[in-house]
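Atoms within a ligand are numbered from 1 in the order they appear, just like the ligands themselves. Just so you know, residue 1 is the first one in the sequence shown, and it goes up from there.
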Amino acid sequence: MRYRTIGTDPKTSREVSVLSLGAMLFGTVTDERTSLAILDRYAEAGGTFIDTADGYAYWADGGQGGQSEKLLGRWRASRGVGDEIVIATKLGARPLAPGTSFLDNAEGLSAAVIRESSQRSRDRLGQARLDLLYAHIEDPAVPLSETVEGFAALVAEGTVGLLGVSNHWAWRVERARGLAAAAGLPCYEVLQYQYSYLRPRADLPGLLSPDGMQGVLGGDLLSYLRSEPQLSMVVYSPLLKGGYVSPDRLDPAEFDHPGTPARLAALREVAKDAGATVNQVVLAWLIGAEVPMIPLVGASSTAQLQESLAAVDLELTAEQRARLDAAR
Ligand SMILES: NC(=O)c1ccc[n+]([C@@H]2O[C@H](COP(=O)([O-])OP(=O)(O)OC[C@H]3O[C@@H](n4cnc5c(N)ncnc54)[C@H](OP(=O)(O)O)[C@@H]3O)[C@@H](O)[C@H]2O)c1
């Protein structure tokens, strides 16, 4: 395994593996036994960075989530897991009532939600301090200063280590960080967005905004990261939810454009050349990117995880990387 530091303050920064494991479906779609086996295999391989959220996975049973955090809590307790594993969780998108969703009834980012939901996450995970807590989605109804102060209060109390943000427009991240800096408060240091080698169309309206898809890493955020190298970028759905292996899973609305076949062809060529799988080339491309990325993979079996873990040791040559970058 290889490792990377997230955060800058020596009191809260952590060393994490360059491959992060998503636990979104653990305890619901992925049964208990398989989930625990995947977690054990990940830890054995030196993996130290696990991702969840308070609302995972509410859609699996029409409830309000919590199953993934609870399963991680059981795993931590039964294996005696301590500080060596960083567990990131999120709040803000959990539905406020069964049968609803983050689209119509999200808990949001008020000071009260930040306090109460983070406490519930600590209880489910069995942790006195959350290692990394993200704002899962934007809450335009709450003043940004309230959200910033709400998160900072938890850091001051010591119930949260690092702060992160997901699925926000770049300007909202910068504004929040600006407010915090002016007030001398800690703020988001880890960003989590959707990103992979294939590019989705950037001109489509998103689920939460007519202006586009806030969750997709684009040019604004890439340029932001270049100018703020102390920030860390975690990228979700790097394997396009299995879309490289089963292209029928790719949403035609997002991927039906000339860049897709060009990039798939380059990927297959480089995979053949490198003696690796297409998924592994994608992960190696992300891990070794000029603007560093921590891919956050999902797996529904230890075999899938094993394939992803092996990508950590795959070093693409400069020529292979150039070939991948040139395809568009
Ligand atoms: N911040 C956010 O809003 C947000 C949103 C989405 C996800 N996330 C986080 O990101 C994590 C990963 O998301 P994701 O599951 O979409 O990521 P992903 O890595 O793109 O997709 C994982 C899925 O790809 C398939 N897969 C993985 N390895 C494979 C292999 N070797 N061969 C064939 N298929 C393979 C599996 O599908 P099958 O199980 O169908 O085989 C697996 O469940 C989540 O667990 C969650 O923690 C965050």
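- More than 12 heavy atoms of other shown residues, nucleotides or ligands fall within 6.0 angstrom of atom CZ in Arg2.
- Side-chain atoms of Ser246 do not come within 3.5 Å of backbone N or O of Arg249 as any donor-acceptor pair.
- Across Gln320 and Glu315, no two heavy atoms sit closer than the pair OE1-O, 4.4 Å.
- Protein residues with any heavy atom under 4.0 Å from ligand 1: Gly22, Ala23, Met24, Asp51, Tyr56, Lys90, His136, Ser166, Asn167, Gln192, Tyr236, Ser237, Pro238, Leu239, Leu240, Lys241, Gly242, Val245, Arg249, Asn279, Leu296, Val297, Gly298, Ser300, Gln304, Glu307.
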- prompt: Could you walk me through whether Tyr56 and Thr28 pass the side-chain hydrogen bond (donor to acceptor under 3.5 Å, both in side chains) check?
  reply: CA-CA 9 Å; Tyr56 291 165; Thr28 52; over 6 Å; no

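- Under the 3.5 Å distance criterion, with hydrogens and angles disregarded, no donor-acceptor pair is assigned to the side chains of Tyr3 and Arg14.
- Residue pairs meeting the ring-ring contact (aromatic ring centres under 6.0 Å, His included) criterion with at least one member in residues 269-300, sequence neighbours excluded, are Tyr197-Trp285.
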